[in-house]
*Asks:* 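Have a look at this one.
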There are 2 protein chains.
Amino acid sequence: MTDLNNDIFKTIDPDRRGTTSEEVISQLREMIHRGDLRPGDRLPPERDLAKLLGVSRPTLRAGIRSLAAVGVLQSRQGAGTFVVKADGPPSLDSSPLRLMASLHGFTSAEMFEARQALEMAVAGLAAERATGDQMASMAEEVTGMFASLNDPEQFLVHDVRFHQTVAAASGNRILTSLMNMVATILFDTRIKTVKRATDLKESAEMHRHVYRAIREHDPEAARHAMSAHLSKAQRAWEAEAQETSEAGGDDSNNSDGNGNGAGLAP
Amino acid sequence: MTDLNNDIFKTIDPDRRGTTSEEVISQLREMIHRGDLRPGDRLPPERDLAKLLGVSRPTLRAGIRSLAAVGVLQSRQGAGTFVVKADGPPSLDSSPLRLMASLHGFTSAEMFEARQALEMAVAGLAAERATGDQMASMAEEVTGMFASLNDPEQFLVHDVRFHQTVAAASGNRILTSLMNMVATILFDTRIKTVKRATDLKESAEMHRHVYRAIREHDPEAARHAMSAHLSKAQRAWEAEAQETSEAGGDDSNNSDGNGNGAGLAP
DNA sequence: AATCGTTAAATGGTTAGACCTTTAAGTACG
DNA sequence: CGTACTTAAAGGTCTAACCATTTAACGATT
């Protein structure tokens, strides 16, 4: 191969601090921090990159895998390894939080509470900053909810999209990411609840209240409306959960590589 | 070796969905979800576990590495691989968020805003639920701040501990984890700001206001006090940043394996 | 007998090379 | 011009070693 301008890949010195693979991770991280690697970029082939960094291929792969696990890199067999390209809103992998929830026995109440806190914050910010387009999207989703009162699955689609639109309107991608992270974990729960929900109409109404508060640029009202909506949703879920008694069991089995379970995108 | 009761490790069938290593990850995740693996547990040696799962050692290592990257497992050479034991509050690795921040160019303003939202939520909950012990700890840290007005570094230690105590008092470990995640990233920034802060006294006062609101079980006051405190801190940082003009440069080089930069524990 | 130093086994970390599977691009054929 | 086949490239997996570190057992010394 021709020797490219690969000065950006510095050979790893043996005077490293930790293990070799950790050093590889640091190298790649620094390249991302510095901007040498940008979203969508493709990394050199593993065999070449391993030589450039002065490590073996398995060691390089170990580093790549670590970064892939946190959602920064993505490898596709036959194609190459790429820096993750964020089409829509940046998304943090929710599986770490999911694992931690299992590990420490987080209660659903905590999850709901965290989601409520995040959604309230996001709604308040959205009320301050939402653009006309964003408000139009919200109105559209609310309309979609009212149009899907007899189709719970479709209703949930509009529900999710509404919340994501509000999050986007907040203008804070970090809060949006965190909210999605928590919401994704609760999604499995929600889909069960909404399936026999008899009061989709009330839910749609509450969403409309949120929308109206945002449209009126009233942060406090938006926060309260959102809070009321989620409190109601939580109560509905709790009633459902109690009804199903201890049947419960496996709420997981959502084991698709990364933890981005449901289609939360467009 | 004797064949233990290792029925919990099911051999991976070739009728797997994705790649082999992904299947290994799913296996381990399920074992954690099911509770077969608990915090502090040690996994079988790689060579044995690879045989039990019916995969090669590199493949098994790939799976382990993925879970280690998200903070669920921890390998120590010579000792073994363990399920992470949470001493204090469960902690999410902040490096994913840090990388995403670099990747998408998150502004510090967004970071501050996210932190403010989380801290406000946490303060409000703490006002509702803080126990006597927790309030005593808060008071202690506030006292420590007033006692360290001439020692910025020591002041920051009390500052961090105060916020963590409040988070713990919120009773919501998810919000606490998310807050720590964001706060960790901002820590490097904070240490620079506080070092020449001339108004540590004012900062201490504001912390005391937060404490008093929590002591009085006044969530709204606690939220406002916390908000005011963080707004002030952000303004101080912005002034500092503007003063330092474009000097900025590398705010990274925090490359210790995991991204838990500062000592936030004790 | 108790303690400390040495040694050996266990365990994760790394390397090497080969082969397989998938992807994507190039090329020939219709 | 477009489709289908071929082929090179790239990641995924495997085997088989060897290295580095940690732990624990063992024995010599006090």
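Computation of the quantities below employed the complete heavy-atom set of this structure, encompassing side-chain atoms and omitting hydrogens, waters and symmetry-equivalent molecules. Keep in mind that this is a model prediction, so the values were computed, not measured. Naming convention: chains lettered A, B, ... in sequence-line order (proteins, then strands); numbering from 1 in each chain.
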*Asks:* Would you indicate what B:Arg76 reaches in the nucleic acid, counting non-hydrogen atoms under 4.0 angstrom: base, sugar-phosphate, or nothing?
*Replies:* sugar-phosphate
*Asks:* Rounded to the Å, how far apart are A:Arg47 CZ and C:dA16 C1'?
*Replies:* 13 Å
*Asks:* Tell me whether the side-chain N/O atoms of B:Arg65 come closer than 4.0 Å to OP1 or OP2 in C:dG12.
*Replies:* no
*Asks:* Hey, which of these two, A:Ser56 or A:Gly78, hits DNA chain C nearer its 5' end, going by closest nucleotide?
*Replies:* A:Ser56
*Asks:* Determine the contact category for B:Pro45: base if any of its heavy atoms lies under 4.0 Å from a base atom, sugar-phosphate if only primed atoms, P, OP1 or OP2 are that close, otherwise nothing.
*Replies:* sugar-phosphate
*Asks:* Examine the side chains of A:Asp133 and A:Thr131 and answer whether a donor and an acceptor come within less than 3.5 Å of each other.
*Replies:* no
*Asks:* Verify the contact: side-chain N or O of B:Thr59 to OP1 or OP2 of D:dC14, cut-off strictly under 4.0 Å; return yes or no.
*Replies:* yes
*Asks:* Whole angstroms only, please: what is the CD-C1' distance between B:Glu46 and D:dT15?
*Replies:* 15 Å
*Asks:* Tell me: CD of B:Gln74 to C1' of C:dT11, nearest whole Å?
*Replies:* 15 Å
*Asks:* Measure from CD1 on B:Ile25 to C1' on D:dT13 and round the result to the nearest Å.
*Replies:* 14 Å
*Asks:* Between C:dT11 and B:Arg57, is there an OP1 or OP2 to side-chain N/O distance shorter than 4.0 Å?
*Replies:* no
*Asks:* If you compare all heavy atoms of A:Ser94 against all heavy atoms of A:Met181, which two are closest, and at what distance to 0.1 Å?
*Replies:* CB-O, 3.7 Å
*Asks:* Grab the CZ-P distance between A:Arg42 and C:dA25 for me, whole Å please.
*Replies:* 9 Å
*Asks:* Should we count CD of B:Gln74 as having more than 12 external heavy atoms under 6.0 Å?
*Replies:* no
*Asks:* Does A:Ser21 make a side-chain N or O approach to OP1 or OP2 of C:dG13 shorter than 4.0 Å?
*Replies:* no
*Asks:* Looking at the side chain of B:Thr20, which of D:dG12, C:dG12, D:dT13 is the nearest nucleotide?
*Replies:* D:dT13
*Asks:* Could you pick out which residue, A:Thr81 or A:Pro58, lies toward the 5' side of DNA chain D when each is mapped onto its nearest nucleotide?
*Replies:* A:Thr81
*Asks:* Given atom CD of B:Glu23 and atom P of D:dC14, what is their separation to the nearest angstrom?
*Replies:* 12 Å
*Asks:* Once you round it to whole Å, what is the distance between P of C:dT15 and CG of A:Leu60?
*Replies:* 10 Å
*Asks:* Does the base of D:dG11 carry an N or O that pairs as donor and acceptor with the side chain of A:Arg61 under 3.5 Å?
*Replies:* no
*Asks:* Would you kindly give the CG-to-C1' distance between A:Leu73 and D:dA10, to the nearest whole Å?
*Replies:* 15 Å
*Asks:* Where do A:Ser21 and B:Arg65 come nearest, in terms of heavy atoms and distance?
*Replies:* OG-NH2, 3.0 Å
*Asks:* Out of the candidates B:Leu92, B:Val182, B:Leu178, only one should pair with B:Leu97 under the side chain to side chain contact (heavy atoms under 4.5 Å, CB included) rule; please name it.
*Replies:* B:Val182
*Asks:* Out of D:dT22, C:dA24, C:dG12, which nucleotide sits closest to the side chain of B:Ala79?
*Replies:* D:dT22
